[in-house]
There are 2 protein chains.
Amino acid sequence: MPEERPRRRQARGERRMAEILDAAAGVFAEAGFERATTNAIAAAAGISPGSLYQFFPNKPALAQALADRFVTEMDTAHRTAFEGADFAALPLDELLDRVVDPILAFNVDNPGFKALFARPDMPRDLAAAAQPIQGALLGRIERLLAARAPGTPEPERARNARVLVQVFQGLVPLVVAAPEEERPALTVEVKRVLGGYLRTIEGR
Amino acid sequence: MPEERPRRRQARGERRMAEILDAAAGVFAEAGFERATTNAIAAAAGISPGSLYQFFPNKPALAQALADRFVTEMDTAHRTAFEGADFAALPLDELLDRVVDPILAFNVDNPGFKALFARPDMPRDLAAAAQPIQGALLGRIERLLAARAPGTPEPERARNARVLVQVFQGLVPLVVAAPEEERPALTVEVKRVLGGYLRTIEGR
DNA sequence: CCAGATTACGAGCAATCGCTCGTGTTTCAC
DNA sequence: GTGAAACACGAGCGATTGCTCGTAATCTGG
């Protein structure tokens with residue numbers, strides 16, 4: 001059994017790993033997971049293929065590491081979106097501003113993110129890496145719904161949360177792909193969609 | 001110049017082409033465009049790789065032909081959804097029933113469809129093949145909006161239509177992937193989302 | 001300063017995949 | 001009936017790609 005002994009990385013190595021992940025994010029973003037070649041990623045990072053494999057054992061592991069990085073960054077974006085406000089009392093429009101804007105901004109700033117996770121045909125383990133985000137977001141939305149529409153029975157609330165997440169993620173590409181000057185108007189539309197649905201949930 | 005002379009197909013050949021497209025739909029549906037191998041499609045159709053290439057010059061052309069078939073089928077689904085009703089006068093809930101149900105049904109019955117078209121990284125020409133559907137749907141929705149909210153200025157109406165299409169297509173995977181018994185409830189949610197947004201457009 | 005570990009290189013291996021080609025069988029117009 | 005075209009086969013070619021391996025430079029703890 002070739003028991004994988006963990007290496008002691010030098011500072012240079014850590015820097016390289018970050019550079020490789022940066023390059024990978026770019027290549028994945030514009031080529032997708034399958035079409036992105038490891039040699040192209042290495043070239044984009046300014047290193048040789050062999051060097052890349054000093055740090056990541058294979059292509060899925062590279063994507064996985066990038067996924068992990070996105071997970072933590074996305075999580076802080078979610079945290080700033082979802083904390084420090086009384087969601088039960090806040091007017092709906094303000095609530096939407098607070099929640100939608102930062103998450104949308106994250107997706108605009110990290111185009112590689114949806115290129116990796118919006119794909120229906122990714123390896124199982126990659127999908128597993130994305131689930132922490134999905135799960136955490138879903139939980140937060142469910143708690144939000146519990147605060148604002150306490151009367152809703154549990155299974156329906158779970159369904160509502162899934163629909164909200166799906167609608168939002170379905171609209172993200174539209175906003176991300178739009179030219180800069182159209183984004184504000186589209187952001188307004190996103191909030192109208194979510195707001196319209198939330199109003200029917202809250203019973204007004 | 002190897003001027004592509006069109007063949008005179010025999011009845012057997014036409015049948016084979018249909019069989020190949022059926023097989024391709026299945027393989028594309030569960031493997032995605034890239035991962036689907038032409039040899040696997042040939043095997044699924046019960047023929048040899050060489051035979052497949054008697055009918056389709058290459059893999060994109062095969063996907064293209066499948067796309068064309070989907071386009072016409074989807075178009076009839078759209079036609080039954082969008083014709084023979086006075087959209088200006090119909091109550092919103094009835095309107096949604098008439099439009100949403102058949103299109104959703106088509107997507108449930110043809111899982112290969114979104115596997116081919118919901119992908120962000122497909123070849124340019126494949127995306128071009130999908131655009132007739134997209135364009136036709138968008139046009140119909142715009143006309144529908146024009147009938148129900150005549151006051152909306154043109155650019156905003158176009159934006160509204162794009163958002164509606166995107167929201168709907170974002171929710172399709174949720175409905176398609178759900179177990180049979182959850183689909184009715186999710187269909188209701190789809191209509192609530194679209195209805196909620198439409199109400200804000202119509203101004204009540 | 002030196003030994004061992006880490007980082008770096010890049011040609012090329014092995015496997016995969018789209019597709020071809022030589023060959024043989026079936027169909028159909030005349 | 002006959003010849004040409006359409007249909008069918010499947011081994012394998014050529015190109016691509018994920019990854020290796022032998023070798024060399026660089027770093028670091030002692």
Under-4.0 Å side-chain N/O to phosphate OP1/OP2 contact, Thr38(B) with dG18(C): yes
Contact under 4.0 Å: Arg9(A) side-chain N or O vs dT7(C) OP1/OP2: yes
Short side-chain N/O contact to dC9(C) OP1/OP2 from Ser48(A), under 4.0 Å: yes
Any donor-acceptor N or O pair under 3.5 Å, side chains Gln54(A), Arg16(A): no
Value in whole Å for how far the P atom of dC17(C) lies from CZ of Arg35(A): 15 Å
Side-chain N or O of Arg16(A) closer than 4.0 Å to phosphate OP1/OP2 of dA8(C): yes
Under 4.0 angstrom between Arg7(B) side-chain N/O and dC7(D) OP1 or OP2: yes
Side-chain N or O of Arg8(B) closer than 4.0 Å to phosphate OP1/OP2 of dT27(C): no
Donor-acceptor side-chain pairing of Asn58(A) and Tyr53(A) below 3.5 angstrom: no
From dG18(D), dC28(C), dG18(C), nucleotide with atom closest to Gln10(B) side chain: dC28(C)
Candidate pair Lys191(A) and Asp97(A), rule salt bridge (Lys or Arg N to Asp or Glu O under 4.0 Å), full reasoning: CA-CA 8 Å; Lys191(A) 291 171 186 171; Asp97(A) 286 342; 2.8 Å; yes
dC7(D) phosphate, OP1 or OP2, under 4.0 Å from Ser51(B) side-chain N/O: no
Arg12(B) side chain, from C-beta outward: closest of dC7(D), dC19(C), dC19(D): dC7(D)
